[in-house]
Novice: 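I'd like to ask some things about the structure below.
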Amino acid sequence: MKILMVNKFLYPNGGSETYIFKLGRQLTRMGHEVQYFGMEHPGRVVGNHAESYTASMDFHTGKLQKLIYPFKIIYSTEAFRKITGVLEDFSPEAVHLNNFNFQLTPSIIYAIRNFEKKQKKRMKIIYTAHDYQWICPNHMLQIPGTGELCSRCIRGNFGNCTKYRCIHNSRMKSLLGTIEAQLYKRLKTYRLVDTVICPSRFMEKMLANNPILRERTVTLHNFIDSSLGGQEGVFGRTGEYVLYFGRYAREKGISTLLEVCRRLPSIPFVFAGSGPLEEEVEKVPNIKNLGFLEGKQLRETIQRARFVVFPSEWYDNCPFSVMEAQSLGAPVLAANIGGTPELVRDGLTGELFQSGSGRELEEKLLRLWSSPDTCAAYSAGCRTLPFDSLEQYCEKLVGIYACR
């Protein structure tokens with residue numbers, strides 16, 4: 001089968017990029033042909049035979065002052081033209097969309113259906129919802145700067161994005177986000193997508209607020225790369241420290257976690273990551289900051305932890321970090337928010353606490369640290385996780401691609 005993966009970034013940048021790269025490699029191993037479409041970038045690591053990509057765009061820059069820019073992030077004639085070139089050269093049977101709003105724009109959906117009509121060839125369009133973009137213009141269901149969880153836009157009241165300056169606290173950018181969302185709601189553009197893959201039941205529940213999406217969703221939790229787990233001596237051990245790994249940002253619950261760390265000076269914490277609150281992390285005496293880690297270094301750091309803490313304060317969808325930790329035998333103490341409770345089996349592979357509650361987080365951190373036997377039992381429980389392997393996930397994905 002020929003599969004075109006679409007994502008705005010074609011270089012390592014975040015979770016959606018990790019997702020498409022691993023899917024692409026596994027699908028290729030299974031005998032399928034995979035090509036990629038997105039923006040050109042000096043760090044691009046995948047591509048297409050036609051060598052057709054859009055120019056790089058950064059929604060965070062001040063380029064919004066240029067008159068042409070607002071129109072390009074709502075509908076991109078360049079993206080329409082460039083993806084058409086790839087479709088003509090590759091002629092895929094399935095197009096798998098990932099993150100594309102603002103940089104590539106939904107113009108690519110029209111390009112795919114336009115090509116299909118001309119060629120009289122049916123192509124399946126699949127979209128993986130890595131975030132809440134289609135029901136929330138700032139994609140986070142949260143008002144930036146305040147930490148307030150927000151669902152005001154989920155039924156189509158997108159004017160709230162402008163009212164609360166939800167995109168980078170900018171009225172102009174938020175207005176553009178509102179216009180983009182309103183336009184594609186009015187055009188019913190997303191009905192042209194066949195299947196929306198939701199990595200959590202929570203995501204599926206939230207997207208169901210849009211009647212166009214309601215009949216197109218399927219929950220398919222993320223996968224565990226089998227190369228990460230299965231090492232000897234991983235399960236049932238007690239560990240040397242409490243680990244946090246991920247982004248150092250407010251929405252990840254870092255501010256709350258740092259307050260708790262200061263109140264528990266006898267517990268050694270290890271942090272692995274980076275982000276805007278890194279200076280604050282460095283100020284806490286009982287935190288050892290290793291910076292951003294990946295590959296073998298990250299796996300070994302997880303393996304030596306007594307447990308991992310995941311204190312998120314936004315609606316995380318299906319965080320790879322929670323799955324990865326448990327696959328390596330590390331219990332997880334996680335906030336009960338978003339799709340995370342679907343991943344941690346409370347009392348079996350870890351525990352849950354009320355998101356944003358420093359008091360409950362402190363109590364559970366202290367109790368778990370003081371009970372190595374409990375942590376060892378949770379670690380042993382991680383042997384029976386119900387997560388799909390990458391291979392199993394891709395088998396299900398091919399079934400979705402092929403379904404008519």
Side-chain angles (χ1 to χ4, degrees), residues 8-9 13-17 39 56-76 98-106 129-185 203 206-207 209-210 246-259 273-283 292 311-317 319 335 337-338 355-356 358:
K8 60 178 75 172
F9 303 121
N13 185 64
S16 66
E17 289 73 44
M39 293 190 296
S56 183
M57 293 178 67
D58 185 357
F59 194 53
H60 294 263
T61 69
K63 292 180 182 178
L64 286 168
Q65 306 307 315
K66 297 184 178 180
L67 289 176
I68 191 65
Y69 200 85
F71 299 102
K72 289 180 72 175
I73 69 169
I74 293 173
Y75 185 95
S76 172
N98 291 273
N99 285 345
F100 64 86
N101 288 79
F102 298 139
Q103 281 88 343
L104 301 179
T105 79
H130 297 280
D131 56 35
Y132 305 95
Q133 179 71 52
W134 285 8
I135 55 171
C136 169
N138 89 338
H139 76 259
M140 289 188 67
L141 294 176
Q142 188 178 61
I143 298 178
T146 69
E148 179 190 343
L149 297 174
C150 175
S151 58
R152 292 177 178 87
C153 288
I154 63 173
R155 291 180 177 82
N157 303 314
F158 299 121
N160 287 295
C161 178
T162 304
K163 180 179 178 180
Y164 293 96
R165 299 190 179 193
C166 289
I167 300 180
H168 309 150
N169 198 31
S170 162
R171 189 167 296 280
M172 170 63 97
K173 292 178 181 179
S174 300
L175 175 61
L176 290 172
T178 297
I179 293 171
E180 192 251 14
Q182 292 282 23
L183 173 64
Y184 292 111
K185 173 191 173 184
M203 170 66 80
M206 297 308 287
L207 292 187
N209 285 284
N210 181 327
R247 183 165 166 76
Y248 302 160
R250 180 173 178 171
E251 69 271 11
K252 291 295 187 179
I254 291 297
S255 296
T256 301
L257 179 58
L258 293 181
E259 289 177 13
S274 61
L277 297 181
E278 187 155 8
E279 285 188 18
E280 298 302 311
V281 171
E282 292 282 0
K283 293 176 183 176
F292 179 77
S312 185
E313 293 178 8
W314 81 287
Y315 295 122
D316 266 292
N317 183 5
I337 192 169
S355 176

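Index from 1, following the sequence.
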Novice: Which pair of non-hydrogen atoms, one from Tyr315 and one from Gly338, has the smallest distance, and what is that distance?
Specialist: CD2-N, 3.8 Å
Novice: I would like to know whether Tyr184 and Tyr75 meet side chain to side chain contact (heavy atoms under 4.5 Å, CB included); could you show each step before the answer?
Specialist: CA-CA 10 Å; Tyr184 292 111; Tyr75 185 95; 3.5 Å; yes
Novice: Please report the shortest heavy-atom distance between Phe158 and Thr178, naming the atom on each side.
Specialist: O-OG1, 3.1 Å
Novice: So does Tyr164 get a backbone contact from the side chain of Asn160, meaning a donor-acceptor N/O pair under 3.5 Å?
Specialist: no
Novice: Please report the closest heavy-atom contact between Met57 and Ile73, naming both atoms and the distance.
Specialist: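 The pair with the smallest heavy-atom distance is CE-CG2, 3.6 Å.
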Novice: Are Trp314 and Asp316 close enough, and set up right, to give a side chain to side chain contact (heavy atoms under 4.5 Å, CB included), and what steps lead you there?
Specialist: CA-CA 6 Å; Trp314 81 287; Asp316 266 292; 3.3 Å; yes
Novice: Under the ring-ring contact (aromatic ring centres under 6.0 Å, His included) rule, collect the residues that match up with Phe9, sequence neighbours excluded.
Specialist: Tyr11
Novice: What heavy-atom pair brings Gln103 and Lys8 nearest, and what distance separates the two atoms?
Specialist: OE1-NZ, 2.9 Å
Novice: Search all heavy atoms of Ser170 against all heavy atoms of Lys173 and return the closest pair with its distance.
Specialist: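 Heavy atoms only, the tightest pair is OG-N, 3.1 Å.
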Novice: For Glu148, look at atom CD and say whether over 12 heavy atoms of other residues, nucleotides or ligands are found less than 6.0 Å away.
Specialist: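 Result for CD/Glu148: enclosed.
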Novice: Gly159 and Gln182: which non-hydrogen atoms are nearest, and at how many Å?
Specialist: N-NE2, 4.1 Å
Novice: Taking atom types as modelled, is there a side-chain donor on Asn209 or Arg155 under 3.5 Å from an acceptor on the other?
Specialist: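 Side chains of Asn209 and Arg155: pair found under 3.5 Å.
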